[in-house]
Amino acid sequence: MDLLGGYLPGRARLTIQHSRENLYHTPVVCNQCENAYCMNVCPAKAIKRNDQGIVCIDEDRCIGCGTCVEYCPIEMVKMDPDTRKAVKCELCHGEPLCVKACPTGALELVFPRKNR
Ligand code: SF4
Ligand code: SF4
């Protein structure tokens with residue numbers, strides 16, 4: 001499986017939370033929120049929901065202000081240190097690599113609600 005050539009957890013678009021003295025490890029991913037704060041606060045209108053219901057960032061429109069990073073309640077938007085643009089989980093165009101790579105099958109893609 002091609003995992004894009006490297007192990008860089010700091011660049012992952014999901015987060016692993018560790019709790020209870022490191023006994024529990026829980027992946028946290030973007031909820032593709034129905035009322036997406038990140039989308040609502042973007043001054044450049046760079047964040048939109050696509051036809052599949054996925055909240056996506058248009059890198060060409062993003063001005064790198066970081067407002068979406070501050071407003072996501074679960075810290076799922078990050079600034080790319082190279083491009084200085086916002087990035088978030090966009091479900092790898094419907095086929096998430098994290099789901100493919102999980103050795104125990106613990107991750108499953110449950111598709112977000114389509115935009116109504
Ligand atoms: S980045 Fe945060 S606010 Fe935006 S859709 Fe995902 S979880 Fe919701
Ligand atoms: S960093 Fe980009 S996507 Fe986020 S609020 Fe600013 S312009 Fe919008």
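First listed ligand is number 1; within each ligand, the first listed atom is number 1.
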Hey, which atoms in ligand 2 end up nearer than 4.0 Å to a heavy atom of [X]?
| X | value |
| --- | --- |
| Cys42 | 3 (S), 5 (S), 7 (S), 8 (Fe) |
| Pro43 | 5 (S) |
| Ala86 | 1 (S), 3 (S), 4 (Fe) |
| Cys68 | 1 (S), 3 (S), 4 (Fe), 5 (S) |

Measure the distance from [atom] to every protein heavy atom, then report the residue, atom name and distance (to 0.1 Å) of the closest one.
| atom | answer |
| --- | --- |
| atom 2 (Fe) of ligand 1 | Cys72 SG, 2.3 Å |
| atom 6 (Fe) of ligand 2 | Cys65 SG, 2.3 Å |
| atom 7 (S) of ligand 2 | Ile63 N, 3.3 Å |
| atom 8 (Fe) of ligand 1 | Cys33 SG, 2.3 Å |
| atom 1 (S) of ligand 2 | Gly66 N, 3.2 Å |
| atom 4 (Fe) of ligand 1 | Cys38 SG, 2.4 Å |

I'd like to check which ligand 1 atoms, numbered from 1 as shown, lie under 4.0 Å from a non-hydrogen atom of [X].
| X | value |
| --- | --- |
| Ile74 | 7 (S) |
| Val77 | 1 (S) |
| Asn31 | 6 (Fe), 7 (S) |
| Lys88 | 1 (S), 6 (Fe) |

What I'd like to find out is whether the side chain of [X] reaches to under 4.5 Å of the side chain of [Y], using heavy atoms alone.
| X | Y | answer |
| --- | --- | --- |
| Arg13 | Lys78 | no |
| Cys98 | Pro27 | no |
| Gln17 | Ile74 | no |
| Leu91 | Cys89 | yes |

Please lay out, stage by stage, how Lys85 and Ile57 fare under the test side-chain contact (heavy atoms from CB on, under 4.5 Å).
-> CA-CA 9 Å; Lys85 309 262 182 161; Ile57 298 174; over 6 Å; no
Should the heavy atoms of other residues, nucleotides or ligands under 6.0 Å from CZ of Arg11 be counted, would the total exceed 12?
-> yes
Answer yes or no: are there more than 12 heavy-atom neighbours, outside His93 itself, under 6.0 Å from its atom NE2?
-> no
Considering non-hydrogen atoms only, spot the tightest contact between Lys88 and Gln32 and give its length.
-> NZ-OE1, 3.3 Å
With backbone taken as N, CA, C and O and side chain as the heavy atoms from C-beta onward, which portion of Ile47 lies under 4.0 Å from ligand 2: side chain, backbone, both, or neither?
-> side chain
Looking only at atom types and distance, does a side-chain atom of Arg84 sit under 3.5 Å from a main-chain N or O of Gly64, one as donor and one as acceptor?
-> no
Flag, side chain of Arg49 to backbone of Cys33, donor-acceptor distance under 3.5 Å = yes
Could you tell me whether any N, O or S atom belonging to Cys30 is less than 2.8 Å from atom 6 (Fe) of ligand 1?
-> yes
